[in-house]
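Here's the structure, in structure tokens; my notes come after.
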Amino acid sequence: MGPDGLSATHAADVEVLMRRGMTKGYEVFSLLTPPAYAAFVLMRKGKGHFTINRFLRATWVGGANLTPLGCAGGGVLEYFRASRANEATVTNRRLQHAYDAASLRADDHSTIGAILFAVLTPAILWKRASTVNLVLGGAGIGSAIGLLTHYGRTVTGDLTPDAQIPETPIAPS
């Protein structure tokens, strides 16, 4: 038993689901933050207050937000959800997510976009923002573009194949 009264298997499953929740939170809020920030600044303050540096900073801070949104929030919410469920349910959810090809493809597209834009954004906008905001903001924008690429491929008919989930024997306690 672990410090929270969880078995080692249950704790490992909760950890996997929590990492997945953090990834999904970052992807979703990297997608939602840039247009929301741009609309907010342009409507409330006008074009004079909209800068590349602030836009990139808002993008990466929005994805890694420490409120109940974004990366940290997704991990916290998933931890509370998974740690309160019984071991069989959590193991089943982990297996469902491990064999979900569409979700894995979305994660792959998001990661590829993040890496690509973390390199390209500083190369293109070098003198327009601080280095930290260029790299992290570029990664956030790239993550969003990768996620949009995945959804675009899905809409145009490039569907992922269904994976067969193997039966897992539950050992008697």
**OP:** Count the heavy atoms of every other residue, nucleotide or ligand shown that sit under 6.0 Å from CZ of F80, and state whether that count exceeds 12.
**Re:** no
Subject >> Interatomic spacing from CZ in R94 to OH in Y99 - rounded to 0.5 Å >> reply: 8.5 Å
Subject >> Inter-residue atom distance L120.CG - L134.CG, 0.5 Å rounding >> reply: 12.0 Å
Subject >> Trace of the side chain to side chain donor-acceptor pair (under 3.5 Å) decision for T89 with N86 >> reply: CA-CA 6 Å; T89 303; N86 65 17; 2.4 Å; yes
**OP:** Mind running side chain to side chain contact (heavy atoms under 4.5 Å, CB included) on T121 and L56 for me, showing each step along the way?
**Re:** CA-CA 10 Å; T121 304; L56 291 172; 4.2 Å; yes
Atom pairs and distances, side-chain donor-acceptor, residues 35-49, under 3.5 Å, sequence neighbours left out:
none

Subject >> Residues clustering with L147 (ILVMFWY side chains joined when closer than 4.5 Å, directly or via others) >> reply: L31, L148, Y151
Original post:
Does R20 pair with D107 as a salt bridge, N-O distance under 4.0 Å?
Top reply: no
Original post:
Counting N and O atoms only, with roles assigned by atom type, does the side chain of T156 sit under 3.5 Å from a partner on the main chain of R153, one being a donor and the other an acceptor?
Top reply: yes
Original post:
Linking I/L/V/M/F/W/Y whenever any side-chain heavy atoms sit under 4.5 Å apart, do W60 and V135 land together?
Top reply: no
Subject >> Distance-only donor-acceptor check, side chains S130 and N133, under 3.5 Å >> reply: yes
Original post:
Can you list the steps and then say if S110 with S143 is a side chain to side chain donor-acceptor pair (under 3.5 Å)?
Top reply: CA-CA 4 Å; S110 181; S143 176; 2.6 Å; yes
Subject >> Neighbour count above 12 (heavy atom, 6.0 Å) for R128 CZ >> reply: no
**OP:** Report the distance from atom NE2 of H150 to atom CD1 of I145, rounding to the nearest 0.5 Å.
**Re:** 16.0 Å
Subject >> Straight-line distance of H10 NE2 to S83 OG, nearest 0.5 Å >> reply: 6.5 Å
Original post:
About how many Å separate CE of M22 and CZ of R19, when rounded to the nearest 0.5 Å?
Top reply: 10.0 Å
Original post:
Are T111 and D108 linked by a side-chain donor-acceptor pair shorter than 3.5 Å?
Top reply: no
**OP:** Hey, could you give me the CZ/CD1 distance between F117 and I124, rounded to the nearest 0.5 Å?
**Re:** 7.5 Å
Original post:
Any ion pair linking D100 and R93 (charged N to carboxylate O, less than 4.0 Å)?
Top reply: no
